[in-house]
Amino acid sequence: MPDYGFERIGKRLFAEHLVGGNFGNLSVRDGDAGFFIKKTGAYLDVPGEPVLVPFEGPVPKDTSSEYRVHLAVYRSTPYRAIVHAHPPYAVAVSLVADKIRPLDSEGEMFCPLIPVTSGTPGTQGLADAVAEEMRQSKLVIARGHGTFAAGATLDEAFLLTSLAEHACKVIAFKKMFL
């Protein structure tokens with residue numbers, strides 16, 4: 001397996017406090033065969049060998065519980081990489097908003113509208129809801145759960161994850177000064 005940057009991006013997610021514990025996951029499409037995703041329970045900063053989930057056929061038993069979202073997104077979009085994180089400000093804002101309009105210049109430029117969707121973590125319902133939104137947006141927040149960001153690489157998906165958290169912090173800080 002090529003080095004897609006799982007450990008490097010996992011360490012950045014921890015460094016920026018975008019995940020905690022062994023929460024969140026990363027995946028990279030492997031052509032038409034399927035995608036690599038971290039193992040369930042693995043820490044993102046020490047992910048070990050990712051699991052190959054085929055687009056057709058049985059899913060390996062040690063696959064991350066959110067593999068359904070990744071599978072649904074890859075089946076319905078051209079994205080090559082996905083980062084799922086639990087950024088606390090983004091999660092908090094998702095509890096009170098159906099869509100998020102960043103107020104900061106970077107957010108306005110790179111993700112002017114962040115849709116918020118719902119579904120129970122680890123279910124096909126969440127997978128379908130996220131995949132539907134990701135047909136139009138590279139970045140979605142699952143209400144009360146976390147961000148799903150996609151792109152051509154893990155770096156691009158990480159950048160959107162970081163931008164979402166920054167945009168939600170700015171929204172929260174603005175409210176403090178009103």
Side-chain angles (χ1 to χ4, degrees), residues 1-88 90-91 94 115 117-162 164-165:
M1 182 188 89
D3 179 13
Y4 292 113
F6 278 79
E7 185 174 335
R8 180 176 52 78
I9 296 298
K11 286 180 178 180
R12 295 217 42 204
L13 288 164
F14 269 105
E16 290 196 25
H17 306 285
L18 300 173
V19 294
N22 61 354
F23 305 123
N25 46 63
L26 309 171
S27 72
V28 174
R29 184 191 295 252
D30 185 40
D32 295 330
F35 59 95
F36 288 100
I37 191 169
K38 83 160 185 103
K39 293 180 181 178
T40 188
Y43 290 88
L44 289 177
D45 59 340
V46 189
E49 282 297 311
V51 176
L52 178 62
V53 176
F55 285 132
E56 302 297 330
V59 175
K61 66 180 170 110
D62 53 353
T63 300
S64 173
S65 62
E66 288 295 4
Y67 78 88
R68 288 174 188 86
V69 173
H70 296 253
L71 182 60
V73 170
Y74 288 133
R75 282 183 172 162
S76 62
T77 71
Y79 302 132
R80 308 233 5 109
I82 299 170
V83 170
H84 168 52
H86 298 207
V91 170
S94 78
T117 193
S118 296
T120 303
T123 66
Q124 191 60 46
L126 178 63
D128 294 341
V130 170
E132 178 66 29
E133 291 292 346
M134 291 192 99
R135 287 185 183 106
Q136 289 84 37
S137 178
K138 290 183 174 186
L139 176 62
V140 175
I141 303 176
R143 189 177 317 281
H145 180 50
T147 55
F148 287 90
T153 64
L154 285 175
D155 288 284
E156 182 181 351
F158 167 80
L159 176 64
L160 291 168
T161 303
S162 182
E165 181 68 346

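No experiment lies behind these values; they were computed from the predicted model shown.
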A.B. asks: In Å, rounded to the nearest 0.5 Å, how long is the span from NZ of Lys38 to CG of Asn22?
C.D. replies: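 The CG atom of Asn22 is 5.5 Å from NZ of Lys38, to the nearest 0.5 Å.
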
A.B. asks: What are the two closest heavy atoms between Leu154 and Ala81, and how far apart are they?
C.D. replies: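 Reported closest heavy-atom pair: N-CB, 3.4 Å.
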
A.B. asks: Atom NZ in Lys138, atom OG1 in Thr161: separation rounded to 0.5 Å?
C.D. replies: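 The NZ atom of Lys138 sits 12.0 Å away from the OG1 atom of Thr161.
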
A.B. asks: Identify which one of Ile82, Val69, Val73, Thr117 satisfies the side-chain contact (heavy atoms from CB on, under 4.5 Å) criterion when paired with Met134.
C.D. replies: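 Among Ile82, Val69, Val73, Thr117, the one meeting side-chain contact (heavy atoms from CB on, under 4.5 Å) with Met134 is Val73.
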
A.B. asks: Is the centre of the His84 ring less than 6.0 Å from the centre of the His145 ring?
C.D. replies: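 Between His84 and His145, the centre distance is under 6.0 Å.
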
A.B. asks: Any chance you could measure Ile141, atom CD1, to Glu133, atom CD, to the nearest 0.5 Å?
C.D. replies: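 Those atoms lie 11.5 Å apart.
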
A.B. asks: To check you understand the geometry: which heavy-atom pair defines the closest contact between Ala150 and Glu156, and what is its length?
C.D. replies: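 For Ala150 and Glu156, the tightest heavy-atom pair comes out as O-OE2, 4.5 Å.
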
A.B. asks: Backbone N or O of Arg135 within a donor-acceptor pair of the Thr77 side chain at under 3.5 Å?
C.D. replies: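 No: the side chain of Thr77 does not pair with the backbone of Arg135.
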
A.B. asks: Which atom pair, heavy atoms only, marks the closest approach of Glu66 to Asn25?
C.D. replies: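 Closest approach of Glu66 to Asn25, heavy atoms only: CB-ND2, 3.4 Å.
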
A.B. asks: I need the Arg29 CZ to Phe55 CZ distance, nearest 0.5 Å.
C.D. replies: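 Here the rounded value is 4.5 Å.
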
A.B. asks: Where is the tightest heavy-atom contact between Ala142 and Leu126, given as atom of each residue plus distance?
C.D. replies: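 Scanning both residues, the minimum pair turns out to be CB-CD1, 3.7 Å.
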
A.B. asks: Nearest 0.5 Å, what's the CZ-CG distance between Phe158 and Leu18?
C.D. replies: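 Nearest 0.5 Å value for the CZ-CG distance: 6.0 Å.
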
A.B. asks: Are the side chain of Arg80 and the backbone of Val28 linked by a donor-acceptor contact shorter than 3.5 Å?
C.D. replies: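 A pair under 3.5 Å: no.
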
A.B. asks: Decide side-chain contact (heavy atoms from CB on, under 4.5 Å) for Leu26 and Leu13; before the verdict, give the C-alpha distance in whole Å, the side-chain angles of both, and the deciding distance to 0.1 Å.
C.D. replies: CA-CA 10 Å; Leu26 309 171; Leu13 288 164; 3.7 Å; yes

A.B. asks: So, Glu16 and Ser162: side-chain donor and acceptor under 3.5 Å apart, yes or no?
C.D. replies: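 Distance-only check passes for Glu16 and Ser162.
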
A.B. asks: Taking Ile9 as the fixed residue, which of Asp155, Asp45, Leu44 is the one that meets the side-chain contact (heavy atoms from CB on, under 4.5 Å) rule?
C.D. replies: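 With Ile9 as partner, Asp155, Asp45, Leu44 yield a single side-chain contact (heavy atoms from CB on, under 4.5 Å), made by Asp155.
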
A.B. asks: Should the pair Phe23 and His86 be assigned to parallel (<30°), tilted (30 to 60°) or perpendicular (>60°) ring geometry?
C.D. replies: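 Aromatic pair Phe23/His86 classed parallel.
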
A.B. asks: Quick one: closest heavy-atom pair of Asp30 and Tyr4, and the distance?
C.D. replies: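 What the structure gives for the nearest pair is OD1-OH, 3.8 Å.
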
A.B. asks: For residues Ala131 and Ser76, report the shortest heavy-atom separation together with the two atoms involved.
C.D. replies: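 Residues Ala131 and Ser76, closest heavy atoms: CB-OG, 3.7 Å.
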
A.B. asks: Got a second to check how far Phe148's CZ is from Ser137's OG, nearest 0.5 Å?
C.D. replies: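 Here the interatomic distance stands at 13.0 Å.
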
A.B. asks: So with a 6.0 Å cut-off around CD of Gln136, is the heavy-atom count from everything else above 12?
C.D. replies: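 Result for CD/Gln136: enclosed.
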
